[in-house]
Asker: 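Sharing a structure here in structure tokens format.
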There are 2 protein chains.
Amino acid sequence: MKYSQLYKDTLFENIIPFWEKNSLDRTYGGYFTCLTQTGEVYDTDKFMWLQGRQAWMFSMLYNNVAPEPRWLDIARSGVDFIREHGMDKDGNIYFSTTRDGRPLVEPYNIFSDCFAAMAFAQYSRAAGDRSFKTLARNTYFNIIEKRDNPKGRYEKSTGARPLKGFSLPMILSNLVLELEDVLGSEDVEMTIDHSVREVMQVFLRERSGIVYEFVHKDHSLSDSFEGRLLNPGHGIEAMWFMLDIAARRNDVELREKATRTILNILEYSWDEKYGGIFYFMDAKGHPLQQLEWDQKLWWVHLETLVALAKAYEQTQNDAIWQWYEKVHHYTWSHFPDPARGEWFGYLNRQGQPLLTLKGGKWKGCFHVPRAMYQCWKTFERIENQRQD
Amino acid sequence: MKYSQLYKDTLFENIIPFWEKNSLDRTYGGYFTCLTQTGEVYDTDKFMWLQGRQAWMFSMLYNNVAPEPRWLDIARSGVDFIREHGMDKDGNIYFSTTRDGRPLVEPYNIFSDCFAAMAFAQYSRAAGDRSFKTLARNTYFNIIEKRDNPKGRYEKSTGARPLKGFSLPMILSNLVLELEDVLGSEDVEMTIDHSVREVMQVFLRERSGIVYEFVHKDHSLSDSFEGRLLNPGHGIEAMWFMLDIAARRNDVELREKATRTILNILEYSWDEKYGGIFYFMDAKGHPLQQLEWDQKLWWVHLETLVALAKAYEQTQNDAIWQWYEKVHHYTWSHFPDPARGEWFGYLNRQGQPLLTLKGGKWKGCFHVPRAMYQCWKTFERIENQRQD
């Protein structure tokens, strides 16, 4: 079977049906994301990260694949839930609510806002509902306002070691592309410039060729737990955001540098003993704080497949293709659950499921279907190139 | 070899020398706790939990074993560091500082205060320094003042699901015994009464016979991630605090209930496949948030040995003795590092070291030597009973 077909079939015959069947809260709206191996709801709390991500997913399918009315209904259920229950009076997004929408955890995490903005923008385009366009715009500018102190009053650092994190510039580089018809093109290009500079010149380090999670505000490296932290999947995911920008701008240099970085990170973080990509590493090889460092996570491997497919499409680089095949083999032989559908999220170092959940506090209807969509479309283009 | 001898020899020929040799910061005072397998310092940040615990440890040895001047010097270095650098102007204890004592992480964690109070009290007794007695007292009353909102302004819960945690009443039951000559005996007995009630009637559940980490403020169970969380090592550690109180008060009922609870928790949380005690479990068997749930941690196993030894001393219960031998065998064959001294802290489910550190952000000079001391003394009494 062609890879494009594998990804497309898995998306529409396995992944999307699983979430359509199991995740919809028909009483209070929004989605259940805590689903057991068989799809049963084991917890009803609603985490705004995952509400936003699922609403975005179904809006995106509606916009880019087919205007299925039920996909729009599903998307609406999520954006309505966030708008009605997931925002405080200043437009900040709560981290979580109860099933019926009472706020549980305060807006301490700016990524809730990012995923809500993505959802609002895609949904407004799908439904032609301008009120969500305004909401997307307001949410975006609220993020920009908070970007220098994203945790607000929940920040526990004293400021004695001022670090800046990789996550926010990375996510902004993807978010503004999502918000292109919401923001002016000047805002979009400016934010892209800024993000590319931060990702490729600040967090990607010349000497090692890999991406760090935190650096000092003066851009020097910090010899501390945070400063030594590497999150290989995160770095690789950022590289496919960079490849999208490189393609958009026809920026050959960015394309080459992102491609090299994918190879560097993979060589650094591949587990030679058991296969798979480590979750966290320490840049100096010191012991980590993260006890889960050696685990193999679904999203890390899926984002890597997306990055490798896009890099191959743009470069036809042999080393990229060899890595694609290697990661493809590991990922497809370890993560899918042939018995019950959807994918396992958390494997131990040896590659066995550590938790058999299909969804939880952090895993929802997002990384699996987004990667299926991205790889499907990318392999379609690659296969067409080959036929030319 | 007699068990009392094994624990005593390990304490004084292996564990204490390791920390004396590797952890002392002779430039800025206080202790390095981030030590590799061989004892090299890999990070110099100072975590007040561990500064307090190590200062307590050396003060306790000075008070209870022998008045070694170097132990007092080591203890002083820690309490001085905390007093000079580890407290904000209101007497709250920072979570961490840089090596030279600049505050890094704000006082969001009340256990820093608990371990500082323990250290100040033991040290004041060792050194005869009344200023630390006052400091212990003030720190204790500050804890009591903060107990209903221990995270202060860093609390992220909205209050929509008010839960209370097991940790604080548990630790207070041990802390007040440490502070006996600092507080009035009325305060001590009152706090003991309160803690025993909370631990044995609120968090220990009648139906299951095991200890929960969080319950609703009205004492009902909460069907949420927090409400379903079990931390078996934590529950077992609390039971040896209860056994100390039972011995002090000659409370037969408390002794029997604590002993039964140790057995219940062990039966619930022993890994039948690979041996060892799981780190976290879900009371309903649902997937956990904690990706490290199946790991085997040093402190869990050491606290269990202390609890079983004390329960056996007090009850001569056969089931307790069988469990002691089983946990002893697992613990002594997996955690000690025969090549480099001291103990590994973090094993994977299969029992292999996941991190080879001897100390880090959470592991310092505390659980290993405290358990060695407690087991040494308890087995001395058990062996004397047997000779009678």
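Computed from a prediction, not measured in an experiment: that's the story for all the values here. Order of the sequence lines fixes the chain letters, A, B, ..., with proteins taken first and strands second; residue numbering starts at 1 for each chain.
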Asker: Considering only heavy atoms, which portion of A:Tyr42 lies under 4.5 Å from any heavy atom of chain B: side chain, backbone, both, or neither?
Answerer: both
Asker: Restricting to non-hydrogen atoms, name the atom on B:Asp43 and the atom on A:Phe225 that form the minimum distance, rounded to 0.1 Å.
Answerer: OD2-N, 3.5 Å
Asker: Which atoms of B:Arg228 are under 4.5 Å from chain A, going by heavy atoms: the side chain, the backbone, both sets, or neither?
Answerer: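 Side chain of B:Arg228 only, per the 4.5 Å heavy-atom cut-off to chain A.
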Asker: Check the surroundings of atom CD in B:Glu40: do more than 12 heavy atoms from other residues, nucleotides or ligands lie under 6.0 Å from it?
Answerer: no
Asker: Look at A:Leu104, A:Val105, A:Leu355 and state which one has the largest set of heavy-atom pairs under 4.5 Å with chain B.
Answerer: A:Leu104
Asker: Tell me, side chain or backbone of B:Phe95 under 4.5 Å from chain A's heavy atoms, or both, or neither?
Answerer: neither
Asker: Distance-only, no hydrogens or angles: does the B:Trp362 side chain make a donor-acceptor pair with backbone N or O of A:Gln289 under 3.5 Å?
Answerer: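 Checking the backbone N and O of A:Gln289 against the side chain of B:Trp362, no donor-acceptor pair under 3.5 Å is found.
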Asker: Is it the side chain or the backbone of A:Tyr154 that comes within 4.5 Å of chain B heavy atoms, both, or neither?
Answerer: both
Asker: Is the shortest side-chain heavy-atom distance between A:Thr98 and B:Arg161 below 4.5 Å?
Answerer: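 Touching, per the 4.5 Å side-chain cut-off.
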Asker: Counting only heavy atoms from other residues, nucleotides and ligands, does the tally under 6.0 Å from CZ of B:Arg147 exceed 12?
Answerer: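 Check passes, neighbour count above 12.
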Asker: Backbone N or O of B:Pro103 within a donor-acceptor pair of the A:Thr158 side chain at under 3.5 Å?
Answerer: yes
Asker: Between B:Trp293 and A:Leu354 (side chain of the first, backbone of the second, donor and acceptor by atom type, cut-off under 3.5 Å), is there such a pair?
Answerer: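 A pair under 3.5 Å: yes.
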Asker: Between A:Tyr279 and B:Leu291, is the side-chain contact (heavy atoms from CB on, under 4.5 Å) condition met? List the steps.
Answerer: CA-CA 11 Å; A:Tyr279 187 13; B:Leu291 298 184; 4.1 Å; yes
Asker: Answer with side chain, backbone, both or neither: which region of A:Asp282 has an atom nearer than 4.5 Å to a non-hydrogen atom of chain B?
Answerer: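 Answer is neither: A:Asp282 stays 4.5 Å or more from chain B.
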Asker: Of the listed residues (A:Gln37, A:Lys151, A:Gln350, A:Gln290), which shares the most heavy-atom pairs with chain B below a 4.5 Å separation?
Answerer: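 The answer is A:Gln350.
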Asker: Go through A:Lys156, A:Glu106, A:Glu292 and name the one with the most non-hydrogen pairs under 4.5 angstrom from chain B.
Answerer: A:Lys156
